[in-house]
Every structure is written in C-alpha cells, then in structure tokens.
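Reading through the structure tokens given below for one structure.
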Number of protein chains: 2
Amino acid sequence: MSSTYTHSKKNQSLTKNQRIVLDLLQNSGEPLKAYFILDSLKKEGLNSPLQVYRALDKLVELGKIHKIESINSFIICNNSNCASNTAFTICERCGKVKEIKNKYLKDSVSDLVKDNQLEITRYNLEFYVLCKSCKIN
Amino acid sequence: MSSTYTHSKKNQSLTKNQRIVLDLLQNSGEPLKAYFILDSLKKEGLNSPLQVYRALDKLVELGKIHKIESINSFIICNNSNCASNTAFTICERCGKVKEIKNKYLKDSVSDLVKDNQLEITRYNLEFYVLCKSCKIN
DNA sequence: TTACATATGTAATAGTATAACATTAGAGGT
DNA sequence: ACCTCTAATGTTATACTATTACATATGTAA
Ligand SMILES: [Zn+2]
Ligand SMILES: [Zn+2]
Ligand SMILES: [Zn+2]
Ligand SMILES: [Zn+2]
C-alpha cells in the first residue's frame, strides 16, 4: 500500500471517490483547492476535475466538508452540528483558516437572525483576522 | 451620446475606467459579473478583462462596491458606512441579492465579535434565504 | 523639470468549474 | 435471479474567472 493517507473506517456509506476525497481533507485539516486535490489523488485513480468536483459537491451537501467561498477551497468540517452553516476566521496575512467552533457565537448569530426577522435557510460567515503568529511579526 | 448609462456628477476623483464601471454598477443595482461588465462596456472603450478587474479591485478597496464571493459578482454598496464589511441576503432559488442595511444587525455583529474576543479586521456575511416572491411560488 | 507613484493598454496564460454523453454500480421490488 | 430506476463514474471538451508580464501613459509633488 503506497497510499499517503490512512483510510478511516468510518464514512462507509460514501462512494469510493467521495471517500478518498474526504480522507484527504480529513488528514490535511486545512483548506485545499480542487485542482490540488486532483493532483494529490492521481495515484488513487482520479483523473479529471469533474470527478473531484462531483465528490466535493456531494460532501458539501452531506455537511461533511465546507467550501470557503473567498478562497475557492474546501475544508473538513470541524463540528458536528453545522448543517450547511459555516463560520470561519481567515488570516489576512498568511491565509490560515479556522472553523469557528464557539457554540455561543453560533447561538448569537441565530438570535441575531431571529431578532432581525430574517428567515434564513443557511449562512456563511467569513471573519478576516490577523492570526496570533502574524500579529507578533 | 449613445451611452446606456447616465454619468453621475459625483465620483470625480475616480479615473475614467473606474468611473464607468462604477456607473454601470450604480445604474444596475444588482450583482454583475466581471465579464458581463466587460461586454457591457466595450462601447466605452474597455477591451480586456484586466481593465475591468483593475477598476473593480480599486472600487472594492475604496468601499464603493462589494464583491459577493459565492457568486463571483460585484454590486454597488448600498450603505455609507460599510468600510470593508459586507452583509448580504442571497435567495437560494432565484439568486436575488440584497445588501443588509439594518444598522442593528451590523451593531449586533460587532457586539458578537467583541463578546467572542475575535479581533477582526473585517467580515463578510452571506445569509441564504428564500425571497418573498420565491416563497409565494 | 524631474522623479515617483498610479493607472492604462494589450497579449498571453493560469486557475476554477460545468456541459454533454456514454457507461457502470447499487438499491429495491417482483 | 431478474428487471427497473437512480445515483455515481469516466471522459472529452469547453466555459468561466482571474492574473502575469511588460510596455506606455498620466497625474502629483518636490
Ligand atoms: Zn462545520
Ligand atoms: Zn496569519
Ligand atoms: Zn456596503
Ligand atoms: Zn427568490
């Protein structure tokens, strides 16, 4: 086995392509771009962009990964309860992305939405920051 | 003058390309894509994508327009005080976009950010909704 | 005027995503 | 097992979005 990633035993209901894309994102933990994923998974049998995009679309739909719109990248979901809602911090200097786990923030957003009588189906929140290491330098 | 848009008298400090792009967005009021803008402004002398992207970049930087990341589109800013912060509702069915003007919402977001000790430089909020006309049908 | 920064013009290319169509694999019912 | 239907795959081509590179022009301030 020359695989560079470890096949997890979960995610059994996924198809082959969906699983290898998800595994890559899971093992990476940071946002990856579609064509990077394609290059990385050539050896696993993914040959065309469409194979990657179809897997990504499905995984987004299942809530297992998120798309970070402003950087055209995909990242594993860090939470269990996002549904299709997303909230990230993005460092403006180094590009580092973190999913916001803070339950209070998410609750606050929900309250906020209720208070403003917005009937939303989902949301995408991108907070641009200077991350700790970038703030020092 | 066969121009399809009216030249506003404001925005005098902008350059020619920046002004005609801004005028188009102003008169449209809805999100436009870069290559649509290019096609629309061929008669005004814009010949290449780069001319459009450069004008758009500058206008975003000046806070006069916003980019809506999830649809690769640009829209005139509806407020006076956005700085580089953005908040939109996007209809999931018809794609209609509205900038959120509600000051309370923006204040709430600021509070929210403070409460969570996020030191942000700016934010981009995308709320997906079903707009009124889509809800009826 | 000179110097410098900013904006333009133009061509080429890089990066992101989908259309179209033929084929295959799985799930459920008979 | 067989049929049927849906979802997923494989493949090629193409559409859409954005930037690099470099030459030229324009505006502003010393
Ligand atoms: Zn998540
Ligand atoms: Zn950073
Ligand atoms: Zn605005
Ligand atoms: Zn609608």
Side-chain angles (χ1 to χ4, degrees), chain A residues 7 11-25 28 30-75 86 90 92 95 97 124 126, chain B residues 7 11-25 28 30-75 86 90 92 95 97 124 126:
Chain A
H7 283 280
N11 312 320
Q12 287 299 350
S13 71
L14 300 176
T15 66
K16 171 178 158 275
N17 287 356
Q18 291 159 13
R19 196 171 53 249
I20 64 177
V21 169
L22 181 60
D23 281 345
L24 179 64
L25 285 167
S28 160
E30 57 180 15
L32 301 181
K33 286 166 176 280
Y35 277 71
F36 175 89
I37 293 172
L38 177 57
D39 287 342
S40 303
L41 295 178
K42 283 264 167 68
K43 53 183 170 322
E44 309 292 334
L46 289 200
N47 297 307
S48 82
L50 202 43
Q51 292 176 297
V52 173
Y53 280 109
R54 286 199 280 226
L56 289 171
D57 286 351
K58 192 65 186 180
L59 293 170
V60 166
E61 190 187 320
L62 295 174
K64 294 188 179 295
I65 66 172
H66 299 302
K67 179 173 186 183
I68 305 165
E69 296 289 353
S70 57
I71 55 174
N72 302 314
S73 300
F74 299 85
I75 192 170
T86 57
I90 305 171
E92 287 209 295
V97 171
N124 171 47
E126 302 176 335
Chain B
H7 284 281
N11 312 323
Q12 288 300 352
S13 72
L14 300 177
T15 66
K16 172 179 158 274
N17 288 355
Q18 291 159 14
R19 196 172 52 247
I20 64 177
V21 169
L22 180 61
D23 281 346
L24 180 64
L25 285 166
S28 161
E30 57 180 17
L32 301 181
K33 286 169 176 277
Y35 276 72
F36 175 89
I37 293 172
L38 177 56
D39 287 342
S40 304
L41 295 178
K42 283 265 166 67
K43 54 184 168 321
E44 309 293 336
L46 288 200
N47 298 308
S48 82
L50 197 45
Q51 292 175 298
V52 174
Y53 280 109
R54 286 199 280 225
L56 290 171
D57 286 350
K58 192 66 186 183
L59 293 170
V60 166
E61 190 187 319
L62 295 173
K64 294 187 178 296
I65 67 173
H66 298 304
K67 180 174 186 183
I68 305 164
E69 295 289 354
S70 57
I71 55 174
N72 300 315
S73 300
F74 300 84
I75 192 170
T86 57
I90 305 172
E92 287 210 294
V97 171
N124 171 48
E126 302 177 335

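Note on naming: letters A, B, ... go to the chains in the order of the sequence lines (proteins, then strands), and numbering restarts at 1 for each one. Atom set for the values below is all heavy atoms of this structure, side chains included, hydrogens, waters and symmetry mates excluded.
Put simply, CD on Gln51(B) is 17 Å from P on dT20(D), counting in whole angstrom units. The distance between atom CG of Asn72(A) and atom C1' of dA14(C), rounded to the nearest whole Å, is 13 Å. What separates CG of Leu14(A) from P of dA8(D) is a distance of 10 Å, to the nearest Å. In this structure, Arg19(A) atom CZ and dT9(D) atom C1' are separated by 14 Å, rounded to whole Å. Distance, Leu56(B) CG to dA7(C) P: 14 Å, rounded to whole Å. In this entry the distance linking OH of Tyr53(B) with P of dG9(C) reads 18 Å, nearest Å. If you measure from atom CD1 of Ile20(B) to atom C1' of dT8(C), you get 12 Å, rounded to the nearest angstrom. Going from atom CG of Leu62(B) over to atom C1' of dT6(C) covers 13 Å, rounded to whole Å.
Side-chain proximity of Lys16(A) to the nucleotides dA7(C), dG10(D), dT19(D) is greatest for dG10(D). Candidate nucleotides dG9(C), dA18(D), dA17(C) were compared by shortest atom distance to the side chain of Pro49(B), and dA18(D) ranks first. If you check dT16(C), dT19(D), dA20(C) against the side chain of Arg54(A), the one that comes closest is dA20(C). Comparing dT17(D), dA21(D), dA19(C) by their nearest atom to the side chain of Leu50(A) picks out dA19(C). Checked against dA17(C), dT8(C), dT10(C), the side chain of Ala34(A) finds its nearest nucleotide in dA17(C).
The shortest side-chain heavy-atom distance between Leu25(B) and Leu56(B) falls under the 4.5 Å cut-off. Under the 4.5 Å side-chain criterion, counting only non-hydrogen atoms from C-beta, Val52(A) is not in contact with Leu41(A). Counting heavy atoms from C-beta outward, Ser70(B) and Asn124(A) have side chains that stay 4.5 Å or more apart.
In terms of phosphate contacts, Lys33(B) brings no side-chain nitrogen or oxygen within less than 4.0 Å of OP1 or OP2 of dC16(D). Between dT11(D) and Asn47(A), a contact under 4.0 Å exists linking OP1 or OP2 to a side-chain N or O. OP1 or OP2 of dT9(D) lies within a sub-4.0 Å distance of a side-chain N or O belonging to Thr15(A). OP1 or OP2 of dG9(C) has at least one side-chain nitrogen or oxygen of Asn17(B) nearer than 4.0 Å.
The base of dA17(C) lies close enough to the side chain of Tyr35(A) for a donor and an acceptor atom to sit less than 3.5 Å apart.
Heavy-atom minimum distance, Pro49(B) versus Leu38(B): N-CD2, 3.8 Å.
When atom types are taken as modelled, the side chain of Lys67(B) and the backbone of Asp57(B) share no donor-acceptor pair closer than 3.5 angstrom.
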